Protein chains: 2
Amino acid sequence: MPPLKRPSAPRDTKSPASNPASELPHEATKAMPIALLRAREALMSRFRPMLAEHDFTSQQWRVIRLLNEHSTLDAAQLAEKAFILPPSLTRILANLETRDLVTRVQSSSDRRRYLFTLTAPGEEAFRKISPDRIKVYKEIEAYFGKEKINLLLGLLDELAQF
Amino acid sequence: MPPLKRPSAPRDTKSPASNPASELPHEATKAMPIALLRAREALMSRFRPMLAEHDFTSQQWRVIRLLNEHSTLDAAQLAEKAFILPPSLTRILANLETRDLVTRVQSSSDRRRYLFTLTAPGEEAFRKISPDRIKVYKEIEAYFGKEKINLLLGLLDELAQF
DNA sequence: ACAATTTAATTAACGTGTTAACATTATAAC
DNA sequence: GTTATAATGTTAACACGTTAATTAAATTGT
């Protein structure tokens, strides 16, 4: 039987005594969105300063990296692979074009589409940053271990299907 | 010895043949930040429309939820628990105060600090949304299973320590 | 008590996230 | 072939993320 309420007693939570945390069906699930955010931030806080030194945001870098891998992509492909919504991507690409890191050409077969490619300075920026980036990957692996990383990736991919 | 380059050959990637994906030490690690993003988005895409019906963003809702649990918190405590940076929190609290969902009182012992509390309409909003929210939690559990959720949470917490 | 330092919260500036509406071009229906 | 529909990318509006600078108040050292 739960103890009687003492309304005059000091307290710093409102957790109802009739519904302790251990019985709630979704206590763990409730924490998932923030746990994902915190884990991601733990990683990004390593990459961000390094990218900032070269005047890149992580999203700008994701676009650069993808264009380095695929040589040419249209906006829809970039949006899907970088997981960036079209309105954000429009702004990011405009920024990178202004800085002469990326160029666009209109597709001749479908004039609604634009094909994006790294410029020479864009490729140079990629090569310049890459070593630092790999250093961080290795630190993560050293801390966490490849097995756990793959286990985690599997779970995340499955959750992403939801 | 790597094959000769064929500059005229069609291709859609630039992956160097001398360094196939299976040998790269960080292929999995490289995918972690986006995998975390995608997993989180899978969850948030369920919550967002429901919150939007009541004119809440997920961040605003996080603040409401925390004030419901803890009854009164200062900005620093809210920032830490909701994982929201102080400048964002300032704006969010200003918004919620304008809507009379939250009130602030200056701490008498430390006049730099402000203590925030839900108003009656704030508590009402919380109660109104809560059932929908729990419904989504249960859907997630039904899809993913509690064991996997707890396993995933453990891995995420460990990664967050990095 | 007083100056220097530290801390809590805010402001400023810029970039991104999110939704809705829009212009342009392709495709489908008829 | 013309009209209706769908798809690609952009614009607009608002909220949040991120870093640096700022204000006000507390704390420390002397």
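Predicted model, so just to flag it, every value in this text is computed and none were measured. Atoms considered below: every heavy atom in the structure, side chains included; atoms not considered: hydrogens, waters and symmetry mates.
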Inset, instruction - Step by step, work out the side chain to side chain contact (heavy atoms under 4.5 Å, CB included) result for B:Tyr143 and B:Ile140. - result: CA-CA 5 Å; B:Tyr143 168 75; B:Ile140 296 169; 5.9 Å; no
Inset, instruction - Show the numbers, then the answer: is there a ring pair (Phe, Tyr, Trp, His ring centres under 6.0 Å) between B:Phe47 and B:Tyr137? - result: CA-CA 9 Å; B:Phe47 288 109; B:Tyr137 288 142; 5.4 Å; yes
Check: protein-nucleotides 2-8 of chain C nitrogen or oxygen pairs below 3.5 Å:
| unit_1 | atom_1 | unit_2 | atom_2 | d |
| --- | --- | --- | --- | --- |
| C:dT7 | O2 | B:Arg112 | NH1 | 2.6 |

Inset, instruction - Find out if a path of hydrophobic residues (ILVMFWY) with successive side-chain heavy-atom gaps under 4.5 Å connects A:Ile34 to A:Leu36. - result: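 Cluster IDs for A:Ile34 and A:Leu36 differ.
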Legend entry - d(CZ, B:Arg91; P, C:dA13) in whole Å: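 About 13 Å, once rounded to whole Å.
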Inset, instruction - Just call it for B:Glu41: base, sugar-phosphate, or nothing, with non-hydrogen atoms closer than 4.0 Å on any strand. - result: sugar-phosphate
Inset, instruction - Could you check whether B:Ile92 gets within reach of a base, just the sugar-phosphate, or nothing at all, counting any heavy atom under 4.0 Å? - result: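 Since only primed, P, OP1 and OP2 atoms lie under 4.0 Å of B:Ile92, the category is sugar-phosphate.
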Short N-O contact, [X] and [Y], less than 4.0 angstrom:
{"X": "B:Glu27", "Y": "B:Lys30", "answer": "yes"}
{"X": "B:Glu158", "Y": "A:Lys148", "answer": "yes"}
{"X": "A:Glu69", "Y": "A:Arg65", "answer": "yes"}
{"X": "B:Arg133", "Y": "B:Glu53", "answer": "no"}

Legend entry - Residue pair A:Asn95 / A:Arg99, side-chain donor-acceptor N/O under 3.5 Å: yes
Legend entry - A:Thr29 and its side chain to side chain donor-acceptor pair (under 3.5 Å) partner, picked from B:Glu139, B:Glu141, B:Lys146: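 It is B:Glu141, the one option of B:Glu139, B:Glu141, B:Lys146 that forms the side chain to side chain donor-acceptor pair (under 3.5 Å) with A:Thr29.
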Inset, instruction - Please determine if B:Arg104 forms a cation-pi arrangement with B:Phe116, meaning its NZ or CZ atom is less than 6.0 Å from the six-membered ring centre and no more than 45° off the ring axis. - result: no
Legend entry - Cation-pi check, B:Arg46 onto A:Phe162 ring (under 6.0 Å, within 45° of axis):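 Checked: cation-pi criterion met.
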Inset, instruction - Would you please test B:Leu43 and B:Val136 for side chain to side chain contact (heavy atoms under 4.5 Å, CB included) and show each step? - result: CA-CA 9 Å; B:Leu43 300 185; B:Val136 177; over 6 Å; no
Inset, instruction - For the pair A:Ser88 (side chain) and A:Ile84 (backbone), establish whether a donor and an acceptor sit closer than 3.5 Å, ignoring hydrogens and angles. - result: no
Inset, instruction - Under 4.0 Å from any atom of DNA chain C, heavy atoms only: list the residues of residues 100-109 of chain B that qualify, in numerical order. - result: B:Arg104
Legend entry - Where chain B begins and ends its contact with DNA chain D, read 5' to 3' at 4.0 Å from heavy atoms: D:dA15 to D:dA26
Inset, instruction - Applying ring-ring contact (aromatic ring centres under 6.0 Å, His included), name anything that partners A:Phe144, two or more places apart in sequence or on another chain. - result: none
Legend entry - Contacting residues from residues 48-63 of chain B, given that a heavy atom lies under 4.0 angstrom of DNA chain D: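 Listed by number, they are B:Thr57, B:Gln59, B:Gln60.
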Inset, instruction - Give the C-alpha distance, both sets of side-chain angles, the deciding distance and a yes or no for side-chain hydrogen bond (donor to acceptor under 3.5 Å, both in side chains) between B:Ser130 and B:Arg127. - result: CA-CA 5 Å; B:Ser130 243; B:Arg127 281 194 302 271; over 6 Å; no
Inset, instruction - Find the bend of the helix from C:dA1-D:dT30 to C:dC30-D:dG1 as the angle between its two terminal axes (five pairs each), to the nearest 10°. - result: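 The helix from C:dA1-D:dT30 to C:dC30-D:dG1 shows an end-to-end axis angle of 20°.
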